[in-house]
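The block underneath contains the structure these notes are about, expressed in structure tokens.
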Amino acid sequence: MMVLGLLCAANAQAFDWFGGRLSLGGGYGYDKPKLPYTFQDQYKEARMWTVHASYFINNDVSVSASYADLQAKSRTSASDLHFAPLVGSVRYNIFHHLPFTPYITAGAGASFNRQETTAGPETTWTGFTAQGGLGLEFFINEYTSIGAEGLYHDFLKKNHNSYGLPSAVAMMNLYFGEGPNIRRAKADAAAEKQRADM
């Protein structure tokens with residue numbers, strides 16, 4: 001049992017992808033408007049995209065800043081709704097010892113919104129937004145990962161109406177800083193030097 005535990009610990013250390021690293025990434029997907037009842041038949045799912053920058057404090061927790069562009073597409077006219085949330089969030093890795101990592105994220109920020117009109121100026125407003133998400137990240141190598149993320153944005157009420165947009169996004173991320181292979185090589189070199197000095 002002790003040998004198995006040591007092997008698991010060594011394997012876990014081999015896949016510590018995150019701690020002390022910067023990640024830049026983005027994704028593209030679709031959202032499904034969850035709009036006020038009076039709007040349910042007027043809008044349908046549409047495209048969305050997002051970009052983010054994250055810093056991993058350790059292998060479990062990171063802080064992130066993200067920007068997204070979500071759309072609720074009008075079924076009958078050109079008066080689409082557009083939501084552009086700028087959010088600060090915290091991510092927690094449920095586990096991180098394998099090449100794939102499930103995680104949860106939550107945050108808040110401001111959203112810059114507009115509604116197109118068929119005639120006349122657009123309607124614009126800015127308000128508070130909350131964001132929550134669940135994702136899965138898979139490392140191709142220690143500097144590149146792909147994944148999928150489900151997000152939910154809840155937007156501040158406007159005219160006593162609540163706007164919510166769940167979305168599904170395919171993601172790609174680039175990592176900077178020392179990955180597990182470099183850390184392991186440095187640790188081996190330090191251990192070898194220590195043995196040579198003894």
Side-chain angles (χ1 to χ4, degrees), residues 8-31 47-71 82-113 126-155 165-193:
C8 290
N11 186 60
Q13 186 178 9
F15 293 108
D16 282 344
W17 304 100
F18 300 101
R21 304 185 76 192
L22 174 70
S23 171
L24 301 177
Y28 184 87
Y30 287 88
D31 61 65
R47 61 99 187 102
M48 65 89 65
W49 57 265
T50 182
V51 293
H52 70 264
S54 301
Y55 177 76
F56 286 84
I57 299 169
N58 52 45
N59 283 307
D60 296 314
V61 179
S62 70
V63 291
S64 179
S66 64
Y67 179 80
D69 185 276
L70 303 99
Q71 181 180 4
H82 296 265
F83 300 87
L86 179 62
V87 174
S89 59
V90 175
R91 165 175 156 172
Y92 178 76
N93 290 333
I94 298 172
F95 62 79
H96 58 80
H97 298 318
L98 298 173
F100 60 90
T101 301
Y103 61 88
I104 55 176
T105 180
S111 185
F112 309 94
N113 314 311
T126 301
F128 174 82
T129 185
Q131 173 187 288
L134 179 66
L136 182 68
E137 186 172 9
F138 175 78
F139 278 85
I140 299 171
N141 56 49
E142 58 187 312
Y143 297 105
T144 310
S145 73
I146 58 175
E149 192 171 72
L151 291 172
Y152 184 83
H153 290 87
D154 186 69
F155 297 95
L165 274 82
S167 56
V169 195
M171 304 288 292
M172 183 171 184
N173 305 293
L174 299 176
Y175 279 79
F176 303 88
E178 294 181 356
N181 290 337
I182 293 176
R183 293 176 188 173
R184 199 158 52 248
K186 284 188 173 182
D188 291 345
E192 184 65 32
K193 184 177 185 301

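Here, residue 1 is the first one in the sequence, and each next residue gets the next number.
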Kindly say whether the aromatic ring centers of Phe128 and Phe155 come within a distance under 6.0 Å.
->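 No - the distance between ring centres of Phe128 and Phe155 does not fall below the 6.0 Å cut-off.
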To the closest 0.5 Å, what do you measure between [atom1] ([X]) and [atom2] ([Y])?
X      : Y      : atom1 : atom2 : answer
Ile104 : Ile94  : CD1   : CD1   : 5.5 Å
Asn59  : His97  : CG    : NE2   : 8.0 Å
Ser167 : Arg47  : OG    : CZ    : 12.0 Å
Leu134 : Thr105 : CG    : OG1   : 10.0 Å
Met48  : His153 : CE    : NE2   : 6.0 Å

Would you check if the side chain of [X] reaches a backbone N or O of [Y] as a donor-acceptor pair within less than 3.5 Å?
X     : Y     : value
Asp69 : Ala84 : no
Thr50 : Gly26 : no
Trp17 : Leu98 : yes
Asp31 : Gln71 : yes

For Ser111, which residues count as a side chain to side chain donor-acceptor pair (under 3.5 Å) partner, sequence neighbours excluded?
->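 Here the qualifying residues are Asn113.
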Between Met171 and Ile146, does a side chain to side chain contact (heavy atoms under 4.5 Å, CB included) hold up when you go through it step by step?
-> CA-CA 6 Å; Met171 304 288 292; Ile146 58 175; over 6 Å; no
Set of residues satisfying ring-ring contact (aromatic ring centres under 6.0 Å, His included) with respect to Phe138, sequence neighbours excluded =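 Per chain and number, Phe138 pairs via ring-ring contact (aromatic ring centres under 6.0 Å, His included) with no residue.
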Just say parallel, tilted or perpendicular for the rings of Phe139 and Tyr175, cut-offs at 30° and 60°.
->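 Because their plane-to-plane angle lies in the 30° to 60° range, the rings of Phe139 and Tyr175 count as tilted.
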In the structure I gave you, are the side-chain heavy atoms of [X] and [Y] within less than 4.5 Å of one another anywhere?
X      : Y      : answer
Thr129 : Val87  : yes
Phe100 : Glu137 : no
Leu70  : Pro85  : yes
Val63  : Ile57  : yes
Thr144 : Met172 : yes
Phe176 : Leu174 : yes
Phe18  : Asn93  : yes

Within 45° of the ring axis of Tyr103 and under 6.0 Å from its six-membered ring centre, is that where the NZ or CZ of Arg91 lies?
->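 The answer is yes; both the distance and angle limits are met.
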Would you find more than 12 non-hydrogen atoms of other residues, nucleotides or ligands less than 6.0 Å from Tyr30 atom OH?
->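 Not buried by this count: 12 neighbours or fewer within 6.0 Å.
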With side chain to side chain donor-acceptor pair (under 3.5 Å) as the test, would you mind laying out the steps for Ser145 and Asn173 before giving the verdict?
-> CA-CA 5 Å; Ser145 73; Asn173 305 293; 3.2 Å; yes
Looking at residues at least two apart in the chain, or sitting in another chain, which of them share a side-chain contact (heavy atoms from CB on, under 4.5 Å) with Ser64?
->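 Checked Ser64 against side-chain contact (heavy atoms from CB on, under 4.5 Å); matches are His52, Ser54, Ser89.
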Atom of [X], atom of [Y] and distance for their closest heavy-atom approach:
X     : Y      : answer
Phe56 : Ser62  : CD2-CB, 3.3 Å
Arg21 : Tyr143 : NH2-CD2, 3.3 Å
Asn58 : Asp60  : OD1-N, 2.8 Å

